[in-house]
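Structure record follows, encoded as structure tokens.
Side-chain atoms are counted along with the backbone in the values below, which use heavy atoms only and exclude waters and symmetry mates. To find a chain, count down the sequence lines: A is the first, B the second, and so on, and within it residues start at 1.
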Number of protein chains: 2
Amino acid sequence: MRSAFMSTSDPGAHEWRSPIRLVDEVVKVLRERIYSGALRPGEVLRQEQIAADFGISRTPLREAFRVLERDGLIRNEPRRGVRVASADLRRLKDAYDVREAIDGVAARLAAGRRDAAALDRLAAVIEAQRAALEPWDPIAYTRTNVEFHVGIMEAAHNEFLTPQVPLVRMTAQVFTPALALSVERAVRAVAEHEEILAAMRAGDAARAEELARAHIRRTRLSLDARISAADGDGGAEGKAAP
Amino acid sequence: MRSAFMSTSDPGAHEWRSPIRLVDEVVKVLRERIYSGALRPGEVLRQEQIAADFGISRTPLREAFRVLERDGLIRNEPRRGVRVASADLRRLKDAYDVREAIDGVAARLAAGRRDAAALDRLAAVIEAQRAALEPWDPIAYTRTNVEFHVGIMEAAHNEFLTPQVPLVRMTAQVFTPALALSVERAVRAVAEHEEILAAMRAGDAARAEELARAHIRRTRLSLDARISAADGDGGAEGKAAP
DNA sequence: ATCCTGAATCCTGGATACAAAAATTACGAG
DNA sequence: CTCGTAATTTTTGTATCCAGGATTCAGGAT
């Protein structure tokens with residue numbers, strides 16, 4: 001990291017450029033900030049301010065905005081600027097509908113690939129996840145949950161699947177923690193994860209796909225229940241988990 | 001200087017007020033040029049030259065490049081520039097694997113929505129497609145085929161599905177015409193389209209999904225057959241249809 | 001003729017300054 | 001308090017400029 005980049009102020013530091021593109025770095029950092037809730041849904045992102053924070057010019061930042069825009073992580077209102085995408089009920093349902101398909105095909109392909117190393121890593125993730133259940137640790141659970149689902153997509157080794165990771169992370173890291181995260185559901189979810197992994201290990205592609213789809217479907221149902229339970233409080237204004 | 005965008009030179013037209021962002025226009029035009037084959041796979045896109053062609057500066061063009069890059073339509077080689085993505089065998093299989101899931105969920109959701117107007121439009125598309133069969137017109141067939149599949153995605157009314165349109169158009173408009181387009185397959189495909197539409201009309205979501213998936217699967221099989229038949233001629237170098 | 005090497009040139013990635021247009025805010029009159 | 005206008009921001013796009021990696025090409029050396 002040649003330029004100061006992460007530090008909020010580094011005046012006069014004209015070091016030489018990094019070997020990689022700034023766009024990619026900026027996209028990465030902004031994505032994480034959105035996932036983590038550091039940038040909250042609806043928050044306005046001002047070019048000058050963010051560029052100054054990162055110690056870069058507006059040129060690569062604006063390119064980063066276009067990428068995030070296409071990710072669906074930010075929304076651009078023409079001539080008014082960019083703000084972090086917020087999640088209403090409709091958006092939430094839409095996201096889970098697509099995720100059911102995405103996670104399904106990922107599991108199917110991963111089962112077909114039989115990438116032993118990747119599957120071993122998934123087993124380790126489940127182990128860590130189980131540990132997050134006993135003294136209930138929602139933060140650790142959410143982190144490992146994301147790792148599991150992203151891990152499946154990586155195990156699928158499909159270059160048209162990786163661009164979907166932002167969708168998966170948005171739902172698994174922002175939507176789900178805020179709305180559908182209960183110990184009961186988590187316990188059930190880990191069991192489902194194990195079934196999915198078992199199917200992938202066995203190379204049973206069809207079963208892996210159906211289990212993965214059912215898993216997302218059940219997460220969504222749990223979310224639906226939460227929403228109707230908390231009915232009237234303004235609905236699903238996407239707030240990140242603390 | 002709000003130049004007239006599409007014309008390669010239009011001096012004196014300095015009263016052009018663009019209500020929308022140039023990025024979006026540029027992305028749209030470049031996408032079409034890639035789909036149509038006007039920009040051929042592997043072709044290098046030079047910033048200065050394209051900006052000059054469009055009569056715009058490099059700034060919005062570079063933003064457009066980032067969007068197309070995330071679409072998977074162009075590839076960026078650091079410090080070397082961008083070139084139109086070309087399709088090898090691996091990429092092709094990957095694309096169809098994901099499309100099976102995408103088209104499946106689109107059909108399922110469209111069946112659930114029961115958007116009569118959209119379904120009527122699909123019926124009209126099938127009609128036009130049937131007309132393209134009798135005196136066999138590959139160009140018209142490909143066009144209507146794209147319209148059908150994109151139409152289903154629009155009928156699904158899911159905002160996480162629309163970003164997948166570039167993938168669908170890439171396969172349906174570039175890969176398939178070049179590799180899997182035969183009259184026999186087209187006749188069969190139109191029949192399958194009708195079955196899918198019927199299932200959506202009946203609101204049978206599960207059946208619509210399965211039919212749509214089977215349809216993509218069969219298209220892919222036809223493609224596999226073509227590839228192995230033409231084995232040794234260099235494989236699947238993505239050439240657009242004439 | 002072919003291969004290697006170093007210089008000239010091209011091009012990307014990034015920074016900066018500037019202008020136009022729209023949106024937001026401030027402010028003052030009624 | 002409300003309305004309308006002016007001042008200020010902010011986005012969007014243009015025009016330049018620069019550093020340094022990538023390409024090309026000329027001129028030997030083999």
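Side-chain nitrogen and oxygen atoms of B/R80 include at least one within less than 4.0 Å of the OP1 or OP2 phosphate oxygen of D/dT23. Distances shorter than 4.0 Å separate none of the side-chain N or O atoms of A/Q49 from OP1 or OP2 on D/dT10. Look at B/S57 and you'll find a side-chain N or O under 4.0 angstrom from OP1 or OP2 of D/dT14. Between A/Q47 and the phosphate of D/dT12, there is a side-chain N or O to OP1/OP2 separation shorter than 4.0 Å. Checking the phosphate oxygens (OP1, OP2) of C/dT12, no side-chain nitrogen or oxygen of B/N76 falls inside 4.0 Å. The phosphate of D/dT11 has neither OP1 nor OP2 within less than 4.0 Å of any side-chain N or O from A/R79.
Base contact: A/R62 has a heavy atom under 4.0 Å from a base atom. B/L45 comes within 4.0 angstrom of the backbone, heavy atoms only, and of no base. Using a 4.0 Å heavy-atom criterion, one finds that A/V23 contacts the sugar-phosphate atoms exclusively.
With sequence neighbours left out, the side-chain hydrogen bond (donor to acceptor under 3.5 Å, both in side chains) criterion links A/Q164 to B/Q164.
As a whole-Å value, the separation of B/E69 CD from C/dG13 C1' is 13 Å. For the pair B/I56 CD1 and D/dA15 P, the interatomic distance rounds to 11 Å; values are reported in whole Å. Whole-Å rounding puts the B/L61 CG to C/dG13 P distance at 11 Å. Rounded to a whole Å, the CZ atom of A/R83 is 14 Å from the P atom of C/dA23. A straight line from CZ of B/R21 to P of D/dT10 spans 19 Å, rounded to a whole angstrom. Atom-to-atom, CG of B/D24 to P of D/dT11 comes out at 16 Å; the value is rounded to the nearest Å. Atom P of nucleotide D/dT14 and atom CD of B/E48 are separated by 13 Å, given to the nearest angstrom. For the pair B/R66 CZ and C/dG13 C1', the interatomic distance rounds to 9 Å; values are reported in whole Å.
With D/dT11, D/dT14, C/dT12 as the candidates, the nucleotide lying closest to the side chain of B/L22 is D/dT14.
Below the 3.5 angstrom threshold, one finds a donor paired with an acceptor across the side chain of B/R58 and the base of C/dG14.
We find that A/E147 and A/R143 are joined by a salt bridge, their nearest charged nitrogen and carboxylate oxygen being less than 4.0 Å apart. The pair B/E100-B/K93 does not meet the salt-bridge criterion, since no charged nitrogen lies less than 4.0 angstrom from a carboxylate oxygen.
A side-chain hydrogen bond (donor to acceptor under 3.5 Å, both in side chains) check over residues 102-117 of chain A, counting only residues at least two apart or in different chains, returns the pairs A/R99-A/D103, A/D103-A/H149, A/R108-A/E209, A/D115-A/H157.
With the nearest nucleotide of DNA chain C identified for both B/T59 and B/V44, B/V44 has the one nearer the 5' end.
Under the 3.5 Å distance criterion, the side-chain polar atoms of A/N158 are matched with a main-chain donor or acceptor of B/D94.
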